[in-house]
Number of protein chains: 2
Amino acid sequence: MNSEFVIAVHSLVLLAYRPDGMATSEEIAANVCTNPVRVRKVMSCLRKCGFVDTREGAGGGYKLCRRPEEVTLADIYRALAAGSLAPSWCSGNPEMNCVVGSNMGEVMNAVFCGADRQLEMYFEQITIGQMLSRVKAKQEA
Amino acid sequence: MNSEFVIAVHSLVLLAYRPDGMATSEEIAANVCTNPVRVRKVMSCLRKCGFVDTREGAGGGYKLCRRPEEVTLADIYRALAAGSLAPSWCSGNPEMNCVVGSNMGEVMNAVFCGADRQLEMYFEQITIGQMLSRVKAKQEA
DNA sequence: ACGATCTGTAATTGATATGATTACAGTATC
DNA sequence: GATACTGTAATCATATCAATTACAGATCGT
């Protein structure tokens, strides 16, 4: 799995946790434990997909622009990690003179596409709001 | 996804395709399009898990020792790619003085464990025998 | 017994991917 | 116009991945 997915989810949960729903890349980076540039890169993508508003300049930062309950992990997965399941490496070769060797690549690819859909269905059931609830529940325990 | 998973599946399908169910690491490597050492490493693991028999020495090689219909991709996934879904990179820090930052790691981990189970359920439905059928079907098309 | 053939494994190398850092242009606020 | 942000490119260090080389151990055929 793409680690940008983790950063995106963490960031959105943090924004949902904030009373005003806002934070700068520096604040988010400190909370996520990474550097601000990486956060900005991920958040820039989330802005293009309509999950956050960004304001440049002094007093700016990022703001969640959807209700936490209506944003699912599947939305985020699709935005910046879709298809990451299939390995870059591919076996076989279509030019090969063997039923197995020449067709395995295509068949394997179909298997991974199915796995991707399966994963997406799972992520569909988890919202940013739920993630925030789970995090709070840990604290009480 | 681990590319060793791909090699393992491809190799087992090739063995299932062979009339005598046998092949050497060199033959498999040529079909998979990789080198024999990598194949042997993967097959060595499959032997330990009881999917293939190996015979060293002249005339040796690997032999499928289960019926293709009873070996699922989930078996192979568990054998050499389980838990590969969670990214090595981990956000947050348990020592942190913030509900979100300190607990996100654990919550995220639980999410990925669930995703792993989901993936395993999907792979449970696909057997080596089915993979061989799919490959053959491509040829006819 | 001996040479040929095969697996099992460790070690090395080169290529690619990943994450941190630096740098700086653009923009909004005070 | 000084300050405080985002947006993005470029660079560097490190980790991971895959290929290759090397060689010990096992088995077969003769």
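Residue numbers begin at 1 in each chain, while the letters A, B, ... track the order of the sequences.
A distance-only check finds a donor-acceptor pair linking the side chain of A/D116 to the backbone of A/G83 [under 3.5 Å].
Distances were taken from every side-chain heavy atom of A/V37 (C-beta onward) to each of C/dT29, D/dT8, D/dG25; the shortest belongs to D/dT8.
Nucleic acid contact for A/T34: sugar-phosphate only, since backbone atoms but no base atoms lie under 4.0 Å from a heavy atom of the residue. Nucleic acid contact for B/S3: sugar-phosphate only, since backbone atoms but no base atoms lie under 4.0 Å from a heavy atom of the residue.
In this model, the phosphate group of C/dT9 is approached by a side-chain N or O of B/S44 to a distance below 4.0 Å at OP1 or OP2. Between B/R47 and the phosphate of C/dT7, there is no side-chain N or O to OP1/OP2 separation shorter than 4.0 Å. The phosphate of D/dG7 (OP1 or OP2) has a side-chain N or O of A/T54 nearer than 4.0 angstrom.
One atom, CG of B/N35, and another, C1' of C/dT12, lie 14 Å apart when rounded to the nearest Å. Atoms CG (B/N2) and C1' (C/dA17) sit 15 Å apart, rounded to a whole Å. One interatomic measurement links the two molecules: CD1 of A/I28 to P of D/dG7, which rounds to 11 Å at whole-angstrom precision. A straight line from NZ of B/K48 to C1' of C/dT7 spans 12 Å, rounded to a whole angstrom. A/R55 has its CZ atom 11 Å from the P atom of D/dC5, to the nearest Å. Protein atom NZ of A/K41 is 15 Å distant from nucleotide atom C1' of C/dT21, rounded to whole Å. Between A/R38 atom CZ and D/dT8 atom P there is a gap of 17 Å when expressed in whole angstrom units. The distance from atom CD1 of B/I7 to atom P of D/dA19 is 7 Å, rounded to the nearest whole Å.
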B/Y122/A/Y122 under ring pair (Phe, Tyr, Trp, His ring centres under 6.0 Å): CA gap, chis, key distance, verdict: CA-CA 11 Å; B/Y122 169 73; A/Y122 169 73; over 10 Å; no
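Taking a cutoff of 4.0 Å between a charged side-chain nitrogen and a carboxylate oxygen, B/E124 and B/R117 do not qualify as a salt bridge.
Between B/W89 and B/R40, the residue whose closest nucleotide on DNA chain C is further toward the 5' end is B/R40. Of the two residues near DNA chain D, A/Y62 and B/E4, the one whose nearest nucleotide lies more 5' is A/Y62.
Counting non-hydrogen atoms of other residues, nucleotides and ligands closer than 6.0 Å to CD of A/E69 gives a total above 12. Within 6.0 Å of CD on A/Q118 lie more than 12 heavy atoms contributed by other residues, nucleotides or ligands.
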